[in-house]
*Asks:* 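My structure is below; once you've seen it, I'll send some questions.
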Amino acid sequence: MSVKLMNRVWKHSRAKGTARLVLLAIADHCNTAGVAWPSLTRLASYVNVNRRNTINAINQLVKMGELTRV
């Protein structure tokens, strides 16, 4: 868990709603280098939405520049 990254999301993210929750869930899974690889199923269960909504939120975050997919 990266409390520092979660704090950055709270302070600086422009994302709203499900996208913001997904970003927080991803930040919660980051290692010290800021890299995370949780499954879509895990993220969906953390945020309490279905897999499709999780995918849409991730795509929105990438489009906003708040998340980079490697």
*Asks:* How long is the gap from CG on Asn48 to OG1 on Thr54, to the nearest 0.5 Å?
*Replies:* 10.0 Å

*Asks:* Mind checking what makes side chain to side chain donor-acceptor pair (under 3.5 Å) contact with Glu66, not counting sequence neighbours?
*Replies:* Ser13

*Asks:* Is there a side-chain contact between Asn59 and Arg69 (heavy atoms, below 4.5 Å)?
*Replies:* yes

*Asks:* Applying a strict under-4.5 Å side-chain criterion to I, L, V, M, F, W and Y, I'd like to know whether Val9 and Met64 cluster together.
*Replies:* no

*Asks:* Got a second to check how far Lys4's NZ is from Thr32's OG1, nearest 0.5 Å?
*Replies:* 9.5 Å

*Asks:* When you measure from the side chain of Arg51 to the backbone of Thr41, do you find a donor-acceptor pair of N or O atoms at a distance under 3.5 Å?
*Replies:* no

*Asks:* Return the minimal non-hydrogen interatomic distance between Trp10 and Arg20, and the atom names on each side.
*Replies:* O-NH2, 2.9 Å

*Asks:* Do Leu5 and Leu23 land in one hydrophobic cluster if side-chain heavy atoms of ILVMFWY residues count as linked below 4.5 Å?
*Replies:* no

*Asks:* Which heavy atom of Ala27 sits nearest a heavy atom of Met6, and at what distance?
*Replies:* CB-CG, 3.7 Å

*Asks:* So, taking the atom named CG in Asp28 and the one named CG in Leu21, what distance separates them when rounded to the nearest 0.5 Å?
*Replies:* 12.0 Å

*Asks:* Side chains of Val22 and Ile58, heavy atoms from C-beta outward: is any pair under 4.5 Å?
*Replies:* yes

*Asks:* To the nearest 0.5 Å, tell me how far Arg52 CZ sits from Leu40 CG.
*Replies:* 9.5 Å

*Asks:* Would you say the side chain of Val70 lies within less than 4.5 Å of the side chain of Trp37, judging by non-hydrogen atoms?
*Replies:* no

*Asks:* Taking all atoms of both residues into account, what is the closest heavy-atom pair of Ala19 and Ala57, and its distance?
*Replies:* CA-CB, 3.8 Å

*Asks:* In Å and rounded to the nearest 0.5 Å, what is the CZ to NE2 distance from Arg14 to His12?
*Replies:* 12.5 Å

*Asks:* Measure across Thr18 and Asn53 and return the closest heavy-atom pair with its distance rounded to 0.1 Å.
*Replies:* CG2-O, 4.4 Å

